[in-house]
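Take a look at the structure set out below.
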Amino acid sequence: MQKRNLIAALLLIVCSTAFSQKKLEVEDKTQSTDVYSSEGNEAAVMIRCDRSIPLTFASSMDKSADPFRTELQGSDSVYYIAFPTGNRYRGRVLTIMSPGYEQKEISLDLNPKALLTFALSDPDAIVGKGCYVEHRNKAQLEIKNSNYEQAKDLFEEAVMCSDVDTAENNANRRMVDSLIYYRSMGENAFKLLDYKTAGDYYEKAMMLNPYDNYASNRFSVCQKNYKDECGMIYNRAEFCFNEKDYVKARELYQQVVDKECDNMLMASDRINIIDAYMTAKKNHSRVITYEYRKDTPVGLSYGKYNMHKVGGFIQFDFNNTVFDAMRSECKYGDTKFPEFNTAFGWTLKIVNPVWIYFGPGFTGKMYYGTYMEDNYPGYKDDKIEDQTGMDEKEIKEANKKSNFAFAISPVVGVCAKYSYFAVRLTYQYRWSIKSELDDFMGKSRISFGVGVAF
């Protein structure tokens with residue numbers, strides 16, 4: 001809309017500039033027998049023009065080009081200008097000027113005793129130009145004043161003129177009919193508060209007649225009201241979107257798009273987001289499950305299991321011993337260790353209602369005590385195997401040291417969901433950062449999840 005407004009404004013400026021200076025037509029009326037009587041080698045130029053158009057002159061090769069005589073002949077003013085001749089004056093250009101008209105230039109090739117005669121006229125004059133031209137020029141003046149019905153009547157009368165230019169007159173009649181139609185349709189749309197449509201019609205009228213001030217003013221009002229209306233609708237849509245009233249928000253965003261408002265691209269993005277959300281809701285694409293795994297029975301998983309595109313998931317689990325560690329209640333010799341797992345990745349539909357998921361993961365496990373190189377805790381009869389032979393004092397000192405074991409834990413699994421119910425089965429492989437802790441970390445784990453799809 002803004003781009004079109006700029007084009008219309010530029011066109012108005014160009015047209016206004018073009019019409020601000022009228023043009024004069026020049027007709028050479030010189031006769032071969034015309035002679036200028038003078039004592040020297042002078043020549044003369046005679047200029048005839050309607051006395052309502054006063055003329056002044058300038059020469060490219062003379063200090064002055066003032067007429068030596070001016071007289072009235074009927075309704076015309078006749079100007080006589082004398083010029084010296086000779087080779088030094090070859091290429092002389094006479095400039096003719098009049099207020100409100102563009103300058104007119106005439107190239108003069110003068111020989112001694114020559115008399116050149118020129119007649120100037122305003123092609124848009126409304127008198128003295130013949131029946132058709134007078135009607136046409138009067139109609140064009142009415143168009144300039146936005147009196148379209150009067151202009152239409154004049155073009156209709158011009159059909160009866162014997163010198164009518166039928167093709168030109170028919171084109172002018174069609175133009176006036178278009179102006180009347182655009183103004184009428186603009187008014188109807190304006191009354192219905194359809195500022196977008198009204199502005200389009202007023203703009204078309206301005207394109208045909210840049211002097212139509214009424215259409216120009218209406219167009220400005222439509223622009224302002226249209227912009228205000230678009231802003232109001234978009235703000236209401238944003239409010240509904242933030243309040244999660246997606247049905248109403250989508251309806252309002254669609255109005256912004258249909259009206260081709262300036263923020264229609266942002267509204268389109270919002271519509272896409274809402275459509276994706278509504279589709280996911282309809283297909284119960286989002287799944288949240290409680291996850292159980294050996295040693296880490298407290299777990300949770302959330303993911304999107306889309307019907308037609310790749311989704312994503314994230315899961316984590318830990319055990320109650322983590323809270324014991326936070327309270328500093330863990331010690332050397334415990335058989336249960338603080339442990340946590342996390343994983344994330346991608347989901348992909350195999351065949352409804354079965355999806356697979358996979359991705360990288362991470363496992364952390366905590367143990368206490370001081371261990372020599374290559375001498376780490378291990379299991380034996382559900383107790384930690386004491387491979388250090390430490391006495392009670394050494395064990396007490398060892399309890400002051402906490403250790404962390406880490407493993408890279410990629411996962412792969414299967415999810416089945418139907419309606420609002422979902423189950424998951426996950427296989428986790430563990431690759432310990434320190435190979436000496438392979439047995440302590442474990443090579444793999446299986447977890448089972450159950451939850452809801454929504």
Side-chain angles (χ1 to χ4, degrees), residues 288-303 312-346 356-415 423-451:
I288 185 167
T289 59
Y290 170 80
E291 301 284 323
Y292 176 85
R293 178 182 282 127
K294 180 184 178 182
D295 299 329
T296 54
V298 182
L300 194 67
S301 169
Y302 172 79
F313 78 95
I314 185 170
Q315 69 181 70
F316 63 91
D317 54 65
F318 56 91
N319 57 21
N320 293 332
T321 314
V322 170
F323 300 108
D324 295 336
M326 295 172 62
R327 293 191 295 263
S328 300
E329 295 179 357
C330 297
K331 61 182 183 300
Y332 174 78
D334 286 343
T335 58
K336 293 183 178 181
F337 304 92
E339 180 179 336
F340 64 91
N341 296 274
T342 185
F344 66 93
W346 301 268
I356 64 169
Y357 54 91
F358 54 90
F362 175 82
T363 296
K365 203 169 181 181
M366 193 175 185
Y367 61 96
Y368 293 84
T370 304
Y371 296 86
M372 295 182 296
E373 186 176 359
D374 299 329
N375 191 7
Y376 292 94
Y379 289 104
K380 185 176 182 181
D381 298 331
D382 293 331
K383 295 183 179 180
I384 296 299
E385 182 180 358
D386 184 1
Q387 300 176 358
T388 63
M390 295 188 295
D391 57 27
E392 183 177 348
K393 182 178 179 180
E394 290 173 328
I395 292 176
K396 185 175 181 179
E397 288 297 321
N399 280 331
K400 296 179 181 179
K401 181 175 178 59
S402 57
N403 306 279
F404 293 91
F406 301 104
I408 304 300
S409 310
V411 298
V412 62
V414 177
C415 175
V423 294
R424 286 175 23 115
L425 181 65
T426 307
Y427 172 79
Q428 179 193 63
Y429 175 78
R430 294 183 177 180
W431 182 78
S432 178
I433 301 299
K434 289 186 176 182
S435 59
E436 295 85 355
L437 292 172
D438 282 347
D439 292 338
F440 178 65
M441 297 297 294
K443 290 292 185 179
S444 63
R445 290 288 188 273
I446 298 290
S447 66
F448 177 78
V450 60

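What you see is a predicted model; the values in this text were computed from it and never measured. All residue numbers in this chain count up from 1 along the given sequence.
- Rounded to the nearest 0.5 angstrom, Leu437 CG and Lys365 NZ are separated by 9.5 Å.
- Rounded to the nearest 0.5 Å, atoms OG1 (Thr426) and CZ (Arg424) are 4.0 Å apart.
- In terms of heavy-atom proximity, Trp346 sits nearest to Pro360 at CZ3-CD, 4.1 Å.
- One finds the CZ atom of Phe344 at 8.5 Å from the CZ atom of Phe313 (value rounded to the nearest 0.5 Å).
- Residues meeting the salt bridge (charged side-chain N to carboxylate O under 4.0 Å, His left out) test with Lys294, sequence neighbours left out: none.
- How far CD1 of Ile356 is from SG of Cys415: 11.5 Å, rounded to the nearest 0.5 Å.
- Thr289 places no side-chain N or O within donor-acceptor distance of the main-chain N or O of Glu291, the cut-off being under 3.5 Å.
- Counting only heavy atoms from C-beta outward, the side chains of Arg445 and Asp295 approach each other to under 4.5 Å.
- Contacts of Phe406 classified as ring-ring contact (aromatic ring centres under 6.0 Å, His included), with partners at least two apart in sequence or in another chain: Phe362.
- Between Arg293 and Glu339, every side-chain heavy-atom pair lies at or beyond the 4.5 Å cut-off.
- Under the side chain to side chain donor-acceptor pair (under 3.5 Å) criterion, Asn320 pairs with no residue at all, not counting sequence neighbours.
- Interatomic distance, CE of Met441 versus OG1 of Thr363, reported as 5.5 Å (0.5 Å rounding).
- Under the ring-ring contact (aromatic ring centres under 6.0 Å, His included) test applied with Tyr367, the options Phe337, Phe404, Phe440 reduce to a single match, Phe440.
- The heavy-atom pair separating Pro338 from Asn319 by the smallest distance is CA-OD1, 3.7 Å.
- No side-chain heavy atom of Ser409 sits less than 4.5 Å from a side-chain heavy atom of Trp431.
- The heavy-atom pair separating Ser432 from Ala407 by the smallest distance is CA-CB, 3.9 Å.
- Residues that satisfy the side chain to side chain donor-acceptor pair (under 3.5 Å) test with Thr342, not counting sequence neighbours, are absent from this structure.
- Between Pro297 and Tyr292 the shortest heavy-atom distance is CB-CE1, 3.4 Å.
- In terms of the side chain to side chain contact (heavy atoms under 4.5 Å, CB included) criterion, residue partners of Tyr427 (sequence neighbours excluded) are, by chain and number, Val412, Tyr429, Ser444, Ile446.
- Scored by the side chain to side chain contact (heavy atoms under 4.5 Å, CB included) test, Phe318 finds Val298, Phe316, Val322, Phe323, Phe340 as partners (sequence neighbours excluded).
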